[in-house]
Amino acid sequence: MSRQSPSGRVTALVRVTFAYLLAIAVAVLWLLWGPATGVLWLDTLIADLLATVVIFGFSRVHHNSSFYDAYWSVIPPLLLGYWWWQSDLGVDDLRTWLLFIVVAVWAVRLTANWVGTYPGLHHEDWRYAQLRADAGRWELPVDLFAIHVIPTLQVFAGMVPAYVAVTHPAQGPTWLVVVAFLVGLSAVGLETIADGQLRRFVRSARGGDVMDRGVWGWSRHPNYFGEFSFWFSLALFGVAASPADAWWLFIGAAVMLALFEGASIPMMERRSLARRPGYQSVIDRVPRFVPRPPRAGGAVRTRR
């Protein structure tokens, strides 16, 4: 992959930043002066979708749907902050602070990781290009809905337990809040370790090398497991606030799991098998998703 000059990369980041600021401004204007539905979560969902359409417009103008990439991590803390502001819970509510810390740490880490690895406007996630190519004459609606709108709805669904947590007085046990907090921070920690190990591997890898070291020797997709665990922690926060709603508060986490298991992981595995013949040995030895020791007789390979 060709690399863009430092000045070109900075220009690209400025354009993306402008797009996000404009999208957020549109959402804020809707929340302030748009017709209110009287339902807080619905008002913010509409604002979220309007902001998504703005990002979609930039994606089309630049012929690059990776304009949407950082939206995944930028919007959740803004949603949570707005819900908290509109709720009856004060700024001294410890449970909400613990929830906000988890979401903020996750968002800052994921966004910073994107900024640090963003090569420039010449680069687009290969999965987006493949989806549009497979869609043929339907590529525009696929771009809008599959690449932009549906992920926004998935993230919003994952944030619903956080909405419940900040709009309901605590009814569940305090220990569950502590568990949710620890699970959330552990999830972010796992993602941080996995991404760091992957970056070091990419810098030194030769053609055909496969990643099966560190946490990648215990799971073929530890970053996805960490991401799912983060959304699972939000569900726990929701249950801690409203135990009676536990039966549906895990829907958002289940949607994320379905995304990883049904789309992201299969696409990554097919691509790895096509590009790296040795990846089949990783499949034979290393668990697919939930981290655990490699299968018997499959010690993790290390390269000196």
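FYI, the numbering just counts along the sequence from 1.
Between the side chains of T167 and S87, no donor-acceptor pair is found at a separation under 3.5 Å. Between the side chains of D284 and S281, no donor-acceptor pair is found at a separation under 3.5 Å. Checking E227 against N223 by side-chain atom types alone, no donor-acceptor pair falls below 3.5 Å. Checking T152 against D48 by side-chain atom types alone, no donor-acceptor pair falls below 3.5 Å. Between H221 and E269, the side chains place a donor N or O and an acceptor N or O closer than 3.5 Å (distance only, hydrogens not considered). Side-chain contact of S65 with S59: a donor-acceptor pair under 3.5 Å is absent, judged by distance alone.
Hydrophobic clustering (side-chain heavy atoms under 4.5 Å, transitive across Ile, Leu, Val, Met, Phe, Trp, Tyr) groups V28 together with L42. Clustering ILVMFWY residues whenever any of their side-chain heavy atoms sit less than 4.5 angstrom apart, transitively, puts V16 in a cluster other than the one holding V53. Note: the hydrophobic cluster containing W33 also contains L49 (ILVMFWY, side chain heavy atoms under 4.5 Å, direct or indirect links). Under the 4.5 Å side-chain contact rule for hydrophobic residues, L176 and L94 share a cluster. When hydrophobic clusters are built by joining Ile, Leu, Val, Met, Phe, Trp and Tyr residues whose side-chain heavy atoms come closer than 4.5 Å, directly or via intermediates, L144 is grouped together with I55.
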> Stepwise, does the side chain to side chain contact (heavy atoms under 4.5 Å, CB included) test hold for F230 with V102?
Replying inline: CA-CA 8 Å; F230 163 76; V102 169; 3.7 Å; yes
>> Show, in sequence, the C-alpha distance, side-chain angles and deciding distance for Y128 and D69, and conclude whether the side-chain hydrogen bond (donor to acceptor under 3.5 Å, both in side chains) test is met.
In response: CA-CA 10 Å; Y128 300 158; D69 284 350; 2.6 Å; yes
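Contact between V210 and G278 at its shortest, heavy atoms only, is CG1-C, 3.8 Å. Of all heavy-atom pairs between V142 and L131, the closest is CG1-O, 4.0 Å. Residues V286 and R220 come closest through the heavy atom pair O-NH1, 2.7 Å. Minimum interatomic distance between W106 and E191 (heavy atoms only, all atoms of both residues): CD1-OE1, 3.7 Å. Nearest approach of D195 to R109, heavy atoms of both residues: OD2-NH1, 2.8 Å. I150 and A146 get closest at one heavy-atom pair: CD1-CA, 4.1 Å.
Using modelled atom types, one side-chain atom of W97 and one backbone atom of V91 make a donor-acceptor pair closer than 3.5 Å. Not one N or O on the side chain of R127 forms a donor-acceptor pair closer than 3.5 Å with the backbone of M267. Looking only at distances, a side-chain donor or acceptor of Y20 sits under 3.5 Å from a matching main-chain atom of A70. Not a single donor-acceptor pair under 3.5 Å links the side chain of S219 to the backbone N or O of V215. With D43 contributing its side chain and A36 its backbone, the two residues share no donor-acceptor pair below 3.5 Å. At distances below 3.5 Å, at least one donor-acceptor pair connects side-chain atoms of W216 with backbone N or O atoms of A194. Between the S66 side chain and the D125 main chain, a donor and an acceptor come within less than 3.5 Å of each other.
Atom CG of D134 has more than 12 neighbouring heavy atoms from other residues, nucleotides or ligands inside a 6.0 Å radius. Counting non-hydrogen atoms of neighbouring residues, nucleotides and ligands closer than 6.0 angstrom, the CZ atom of R276 exceeds 12 such neighbours. Atom CH2 of W126 has more than 12 neighbouring heavy atoms from other residues, nucleotides or ligands inside a 6.0 Å radius. Within 6.0 Å of CZ on F156 lie more than 12 heavy atoms contributed by other residues, nucleotides or ligands.
Annotation: the span from W41 atom CH2 to L79 atom CG amounts to 13.0 Å, rounded to 0.5 Å. A distance of 8.0 Å separates CE in M268 from OH in Y279, rounded to the nearest 0.5 Å. Rounding to the nearest 0.5 Å places CG of L45 at 11.0 Å from CG of L40. Separating the CZ atom in F145 from the CG atom in L140 is a distance of 9.5 Å, to the nearest 0.5 Å. Separating the CZ atom in F228 from the CG atom in L257 is a distance of 5.0 Å, to the nearest 0.5 Å. Atom CD1 of I46 is separated from atom CH2 of W30 by 5.5 Å, given to the nearest 0.5 angstrom.
Sorted by first and then second residue, the pairs that involve residues 142-155 and meet salt bridge (charged side-chain N to carboxylate O under 4.0 Å, His left out), not counting sequence neighbours, are R60-D143. Sorted by first and then second residue, the salt bridge (charged side-chain N to carboxylate O under 4.0 Å, His left out) pairs involving residues 157-171 (not counting sequence neighbours) form an empty list.
The side-chain heavy atoms of V155 and I75, taken from C-beta on, include no pair separated by under 4.5 Å. I147 places a side-chain heavy atom less than 4.5 Å from the side chain of R132. Using a 4.5 Å heavy-atom cutoff, the side chains of L121 and F67 are in contact. Counting only heavy atoms from C-beta outward, the side chains of L234 and L99 approach each other to under 4.5 Å. Two residues are said to be in side-chain contact when any heavy atoms from C-beta on lie closer than 4.5 Å; R95 and L89 meet this criterion. L273 has its side chain within reach of I283: a pair of non-hydrogen atoms, C-beta onward, lies under 4.5 Å apart.
No cation-pi contact links R292 to W218, judged by a cut-off of 6.0 Å to the six-membered ring centre and 45° from its axis.
Among residues two or more places apart in sequence or in another chain, the salt bridge (charged side-chain N to carboxylate O under 4.0 Å, His left out) test is passed with R288 by E261.
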Give the table of side-chain donor-acceptor pairs shorter than 3.5 Å for residues 236-256, with sequence neighbours excluded, one pair per line with atom names and distance.
from: S242; atom 1: OG; to: D245; atom 2: OD2; distance (Å): 2.6
from: D245; atom 1: OD1; to: W248; atom 2: NE1; distance (Å): 3.2

Using distance only, find each side-chain donor-acceptor pair of residues 113-120 under 3.5 Å and give its atom names and separation, not counting sequence neighbours.
from: N113; atom 1: OD1; to: R199; atom 2: NH1; distance (Å): 2.6
from: T117; atom 1: OG1; to: N113; atom 2: O; distance (Å): 2.8
from: T117; atom 1: OG1; to: W114; atom 2: O; distance (Å): 3.4

Under 3.5 Å donor-acceptor pairs involving side-chain atoms of residues 179-190, not counting sequence neighbours:
from: S186; atom 1: OG; to: L182; atom 2: O; distance (Å): 2.8

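Taking the six-membered ring where the residue is Trp, H62 and F58 present parallel rings, their angle staying beneath 30° rather than reaching 60°. Between W84 and F100, the ring planes lie tilted relative to each other; the angle falls in the 30° to 60° range. The aromatic rings of W83 and Y163 lie perpendicular to each other, with more than 60° between the two planes, well past the 30° mark.
The aromatic ring centres of W85 and Y82 sit less than 6.0 Å apart.
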